[in-house]
Amino acid sequence: MDDGRDEDTNADRAATEERRTEALDVLRSNRAEGYTIPSATLYPFQWNWDSAFIALGLAGVEPAAAKEEVESLCAATWESGLLPHIVFHTDAEGYFPGPEEWGVDVEETATSGITQPPMVVPAVRRIYEETGDDGFLDRVYPALERHLEWWVRERSFDTSVVYVRHPWETGMDDSPAWTDPLAAFDPGEVVYEREDRKSDELADQRPTDWDYDRYVSLVREARAVDWDEFDLRESCPFLVEDALTNAIFVRACDDFAALAAARGDDTAATTWREQAEQSREAIRDRLWDEELGTFVSYDRVGDRKLEANSVAGLASVFGEIPTKQQFERLRRTLRDDLLAYEFAVPSYVGDAFDPDRYWRGPVWINTNWLVADGLRRYGSADLADRIDRDSRRLVEREGFFEYFNPETGEGRGSDRFSWSAALYLELTDSA
Ligand code: GLC
């Protein structure tokens, strides 16, 4: 027995335990009534896919909080089935764009008028498998079903591939993939005041004003037609079939089918399994880019592929989108281009790469988690382990930052960021 190694292992375990305690502290201090804010400095409300990642991380440690997180989100589902990207449970002074800008209320709670990837369904499956709580599943099931039906009915041209109508809906707000479709329209003069770049330091890490003018004008145009999706399908200048949203949508359909089966609803289980398969086939066909060796997004307004090598394409594995052959090629892209950095996985590589700016290069813990989960589904445990290791290394060195420079590992954006803390709990669950 090598005692030196044992001591190291014990010291590592103790350090991990300490970090886990800090992670719980971050989540508890960011927790409000029934939900958790992403960060106290930048995002003081409930965000849609943030809540899903937070609930996933809490499922094994504080299942009651995980359930509450999801239930409070589901309660904000619109009658149509749209699940808003922000729920403003409290007054939103000092936040832009706040409730006055969106002008929407659900049961007297203000919400935004756009959505985010339906991560809530995989999160619910995870919580259900952890707790076996049928009452919880009964309570959230109708909202989840309505939401998935909404994607198919209101957000797809062919009932297979889903689209977004605002870059914020992808969760990867300022990805270089959106530059061309955003450049193709003139937002005119847009008057507003940003609240997210108050410190000079953050100015280099946040989206630019050029992006922001377009973000705001897309919100205002959608509000002007009262968020009518069929009207917007004709008039919105930004309609994109995003690779990441589609991967998560397909996984959500599969996971919903599993939940339906658990409730004994075989008809619904079959319907959603078939939906997943139909969507998968259409995505493979439309979004695969052989030259880049990854999945890309498709611009429905400009009728073109948006050639960008980003983590969105890689995350296709989360929805088991790639065929065997596509996966072999995708794995090469991962090895050659994305794992070339000290820390995996940069959110984007290519001409517009910026290691410090938001979704234009930095590593994010949530997308790392999606990719690692998907890689295991394809039997690539070695690559998944490398990615998980990097996520842990970043957090252990820097703290629970929002994103990280892939070259130096430095933490960027806001500190004490909830999903970085929650997913650290998830990554170290059995450690
Ligand atoms: C930013 C991120 C988005 C996230 C939100 C709240 O807008 O781009 O993915 O949901 O912040 O954390």
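Atoms within a ligand are numbered from 1 in the order they appear, just like the ligands themselves.
For the pair Arg412 and Tyr403, the NZ or CZ position fails the cation-pi test of under 6.0 Å to the six-membered ring centre and within 45 degrees of the ring normal.
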In a table with atom names and distances, give each donor-acceptor pair under 3.5 Å that connects a side chain of residues 115-122 to protein atoms at least two apart or in another chain.
residue	atom	partner	partner atom	Å
Thr115	OG1	Leu83	O	2.7
Gln116	OE1	Trp49	N	3.0

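The main-chain N or O of Gly57 is never found under 3.5 Å from a side-chain atom of Trp419 such that the two would form a donor-acceptor pair.
Legend: ring pair (Phe, Tyr, Trp, His ring centres under 6.0 Å) pairs involving residues 104-123, not counting sequence neighbours: none detected.
Around ligand 1 you find Pro38, Tyr43, Trp47, Trp49, Asp50, Gln116, Gly171, Asp173, Tyr358, Trp359, Phe417, Trp419, each with a heavy-atom distance below 4.0 Å.
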Exercise for review: Please assess Thr245 against Glu169 for the test side chain to side chain donor-acceptor pair (under 3.5 Å), listing each intermediate value before the final yes or no.
Suggested key: CA-CA 8 Å; Thr245 306; Glu169 291 196 317; over 6 Å; no

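The salt bridge (Lys or Arg N to Asp or Glu O under 4.0 Å) search around Glu145 returns none, not counting sequence neighbours.
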